[in-house]
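A short worksheet on the structure shown next.
Please read all numbers here as calculations on a predicted model, not as lab measurements.
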Amino acid sequence: MEENRTSLLEREAEYCEKCPGCKMDRLKQEQAGVPYKLLSFIWIVSLCTALQISSLFPFVYFMIRDFHIAKREEDIGFYAGFVGSSFMVGRALTSLFWGVVADRYGRKPVILIGTFSVVVFNTLFGLSTNFWMALSMRFFLGCFNSLLGTIRAYASEVCREEYRALALSVVSTSRGIGLIIGPAIGGFFAQPVEKYPNLFAESSIFGRFPYFLPCLIISVYAVGSLVACKWLPETLHKHAETANERADLHDISEHSSNDSGQKDNIVELEDKQIHKSNLLKNWPLMSTIIVYCVFSLQEMAYSEIFSLWAVSDKKYGGLSFSSQDVGEVLAISGFGLLLFQLLLYPPLERRLGPLMVTRLSAVISIPLLSCFPYIAMLSGVVLHLVINCAAILRNTLSVSLVTGLFILLNNAVPQSQRGAANAISITAMSVFKAFGPAGGGVLFSWAQERQVASFLPGDQMVFFALNVVQFIGLLLTFKPFLAEPHQRE
């Protein structure tokens with residue numbers, strides 16, 4: 001059977017020698033090893049998409065304060081949540097459009113446009129002078145930077161089937177690292193005049209725009225990612241237009257009685273056309289997307305709440321950290337996450353399967369999050385040691401959970417629909433994530449006003465709410481709700 005598939009691929013490649021998808025399929029057949037070079041470029045670009053998502057969290061509290069839009073200190077989290085959510089609103093509105101573009105014109109053009117948008121809008125966000133400018137720049141950044149779905153589809157197409165888990169792990173790892181290094185950059189480099197007075201003058205551009213430097217650093221990295229995109233080959237089968245598929249199906253039908261291999265092609269083409277008209281009725285896909293959305297809501301709310309909680313005053317149940325302290329915690333947890341995802345996740349996924357890894361990650365996260373309010377009672381070296389260990393474990397579990405869902409999602413659809421399928425997931429996920437920062441900010445502000453409540457006072461209510469969402473997501477990973485898809489080649 002394997003020889004027949006290889007022979008069929010060779011005949012198709014000779015007939016469609018100008019098709020980039022056919023070239024990639026032939027390359028995968030000829031090169032049996034891991035495509036380290038391509039995975040490294042995917043890592044670079046995927047990291048670029050994630051850095052700017054959460055880089056604002058360590059300093060958005062201070063940015064809103066400096067805009068003087070909040071009348072009370074307790075209201076700062078309310079406005080900060082809307083700035084964080086504006087990116088996800090923009091991405092929710094345009095993800096499906098970019099997914100269709102990726103399936104029609106190719107993965108690479110969408111990747112180039114999204115990376116370039118980081119250079120433009122992330123820079124302008126750092127130069128924001130008021131709340132509404134910051135809100136709009138984040139919104140436009142979300143509208144044009146809907147890369148996650150396309151990158152996931154691309155990663156699943158550049159590797160042979162046995163390395164697909166590794167490829168998707170690279171995407172989720174770089175994304176997870178970006179969601180950690182991004183805030184670290186924001187924490188270390190925001191307000192540089194105050195932190196590094198010997199290097200930055202008050203009269204410089206970084207004095208007039210105290211939150212520009214971290215945005216500039218990420219935009220410069222995005223320029224480097226644009227250069228790296230030059231070496232990304234296209235993977236889409238551009239010859240597979242609808243009209244050609246109908247012609248191919250007709251030609252194969254006329255000769256099917258003499259060629260059993262071509263009978264297999266008829267089934268594959270019919271299956272592809274059926275699936276194309278019923279993507280929303282693909283329950284393994286849709287159930288995976290729903291579970292992914294629930295966990296994404298919790299993840300984004302946690303990212304917003306953790307930074308607000310860490311920098312808030314001890315009298316409100318926070319840690320009284322500076323933005324630099326938050327950056328240090330996130331940078332350390334990012335290093336731990338990198339080691340786990342590259343060294344331990346692939347063998348763990350092969351042994352347990354992606355669904356079991358997702359369930360275990362969700363189960364362990366619940367008691368871990370319950371401990372966070374009590375960490376604020378510590379101080380000194382013990383506080384820094386415990387919060388770093390907790391952050392490493394939390395972020396490792398979160399990314400492992402998402403990676404398992406990535407694998408399930410891409411196994412639920414054929415290659416010709418991965419761009420659209422991932423776009424649907426990103427659209428739905430972005431809607432949920434849009435509620436994450438806004439809801440988290442509102443919840444955090446409300447919790448700070450009830451420090452002496454008899455039931456779950458202060459931040460205990462915040463982390464309890466996060467655990468409720470996590471538990472709902474865990475329940476949805478079981479039958480009859482979640483239908484585990486069959487593995488596709």
List in chain and number order the residues that pass ring pair (Phe, Tyr, Trp, His ring centres under 6.0 Å) with [X], two or more places apart in sequence or in another chain; answer none if no residue qualifies.
{"X": "F463", "value": "W309, F372"}
{"X": "F188", "value": "none"}
{"X": "F67", "value": "none"}
{"X": "F189", "value": "none"}

Query raised in the report: At their closest point, which heavy atom of Q470 faces which heavy atom of I366, and how far apart are they?
Result: CG-CG1, 3.8 Å
Requested in this report: Locate the shortest heavy-atom distance separating P192 from F200; write the atom from each residue and the value.
Outcome: CB-CD1, 3.6 Å
Below 4.5 Å, heavy atoms only, C-beta onward: do [X] and [Y] meet side chain to side chain?
{"X": "W231", "Y": "L38", "answer": "no"}
{"X": "L141", "Y": "F125", "answer": "no"}
{"X": "L369", "Y": "Y302", "answer": "yes"}
{"X": "D66", "Y": "M63", "answer": "no"}

Query - Test applied, ring pair (Phe, Tyr, Trp, His ring centres under 6.0 Å); reference residue, F144; option that passes from F121, F87, F97 - result: F121
Query - Chi angles and distances behind the side chain to side chain contact (heavy atoms under 4.5 Å, CB included) call for M356, R351 - result: CA-CA 10 Å; M356 184 57 67; R351 178 176 293 271; over 6 Å; no
Name each donor-acceptor pair under 3.5 Å that joins a side chain in residues 111-120 to protein atoms two or more places apart or in another chain, with its distance.
{"residue": "T115", "atom": "OG1", "partner": "I111", "partner atom": "O", "Å": "2.8"}
{"residue": "S117", "atom": "OG", "partner": "G114", "partner atom": "O", "Å": "2.6"}

Report task. List the steps, then state whether side chain to side chain contact (heavy atoms under 4.5 Å, CB included) holds for L213 with I217. Result -> CA-CA 6 Å; L213 181 58; I217 292 172; 4.2 Å; yes
Partners meeting side chain to side chain contact (heavy atoms under 4.5 Å, CB included) with [X] (sequence neighbours left out):
{"X": "Y221", "result": "I44, L47, C48, L51, S225"}
{"X": "L385", "result": "C389"}
{"X": "S219", "result": "N122, T123"}
{"X": "L475", "result": "F471"}

Query raised in the report: In terms of the angle between their ring planes, are F455 and F464 parallel, tilted or perpendicular, with boundaries placed at 30° and 60°?
Result: perpendicular
Query raised in the report: Which word best sums up how the rings of F321 and H384 line up, parallel for under 30°, tilted for 30 to 60°, or perpendicular for over 60°?
Result: parallel
Query - Q298: partners by side chain to side chain donor-acceptor pair (under 3.5 Å), with sequence neighbours left out - result: R394
Report task. Return the set of residues passing side chain to side chain donor-acceptor pair (under 3.5 Å) with S398 (not counting sequence neighbours), or none when no residue passes. Result -> E299
Report task. Under the side chain to side chain donor-acceptor pair (under 3.5 Å) rule, what do N467 and S370 come out as? Steps first, then yes or no, please. Result -> CA-CA 8 Å; N467 272 335; S370 299; 2.9 Å; yes
**Report entry** ring-ring contact (aromatic ring centres under 6.0 Å, His included) evaluation trace for F131 with Y79
**Finding:** CA-CA 9 Å; F131 172 77; Y79 290 98; 5.6 Å; yes
Query - Pairs meeting criterion side-chain hydrogen bond (donor to acceptor under 3.5 Å, both in side chains) with involvement of residues 177-203, two or more places apart - result: Q191-Y211, K195-S323
Requested in this report: Working to the nearest 0.5 Å, report the span between CD1 of I305 and CG of D459.
Outcome: 9.0 Å
